[in-house]
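Just below is one structure, and these are the notes that go with it.
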Amino acid sequence: SKMILTTLALTLSLPTDHFTMEKVPDKILRECAAIVNVPYASDNLTDEEWFRFKDCARMKMDEQIK
């Protein structure tokens, strides 16, 4: 059962559309930094801030595609 939970967690964390932060335009990165209230281009984020920043970037990229 532990193996199943680990596999499920890994599966849920995988991007469905080959999303990578390198492909996110600078404009979106700056906007998400402001939304999450972190310094732009900082590498000193908590895990929660990083999760929220990536989530914001994913949502903004999805909005551009639609």
Side-chain angles (χ1 to χ4, degrees):
S1 66
K2 186 174 184 180
M3 178 67 160
I4 292 171
L5 289 176
T6 302
T7 303
L8 179 61
L10 288 172
T11 302
L12 291 175
S13 68
L14 291 174
T16 56
D17 57 352
H18 303 294
F19 174 84
T20 62
M21 293 302 289
E22 291 80 21
K23 294 181 181 179
V24 179
D26 191 62
K27 176 184 173 188
I28 290 177
L29 296 177
R30 289 181 183 276
E31 185 177 350
C32 287
I35 289 169
V36 177
N37 198 27
V38 296
Y40 171 71
S42 174
D43 60 353
N44 189 24
L45 304 178
T46 65
D47 289 343
E48 181 182 345
E49 289 169 335
W50 178 239
F51 176 81
R52 289 177 25 227
F53 182 79
K54 288 192 304 183
D55 197 42
C56 174
R58 276 194 188 96
M59 288 190 306
K60 296 289 183 186
M61 290 295 287
D62 284 348
E63 289 173 8
Q64 280 193 340
I65 294 169
K66 293 177 183 179

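We count residues from 1, following the sequence as given. Below, all heavy atoms of this structure are taken into account, side chains as well, without hydrogens, waters or symmetry copies.
In this structure, Glu49 contributes its side chain and Thr46 its backbone to a donor-acceptor pair below 3.5 Å.
Looking at Cys32 and Lys54, their side chains never come closer than 4.5 Å, going by heavy atoms from C-beta outward. Side chains of Ser42 and Leu45 form a contact here, defined as non-hydrogen atoms less than 4.5 Å apart. Two residues are said to be in side-chain contact when any heavy atoms from C-beta on lie closer than 4.5 Å; Val38 and Arg52 fail this criterion. Counting only heavy atoms from C-beta outward, the side chains of Ile28 and Lys23 never approach each other to under 4.5 Å. Pro25 is not listed as a side-chain neighbour of Lys60, based on a closest heavy-atom distance of 4.5 Å or more.
Here the CD atom belonging to Glu22 is positioned 10.0 Å from the CG atom belonging to Leu29, to the nearest 0.5 angstrom. A distance of 7.5 Å separates CD in Gln64 from NZ in Lys27, rounded to the nearest 0.5 Å. Note: Phe53 CZ to Asn37 CG = 12.5 Å, rounded to the nearest 0.5 Å.
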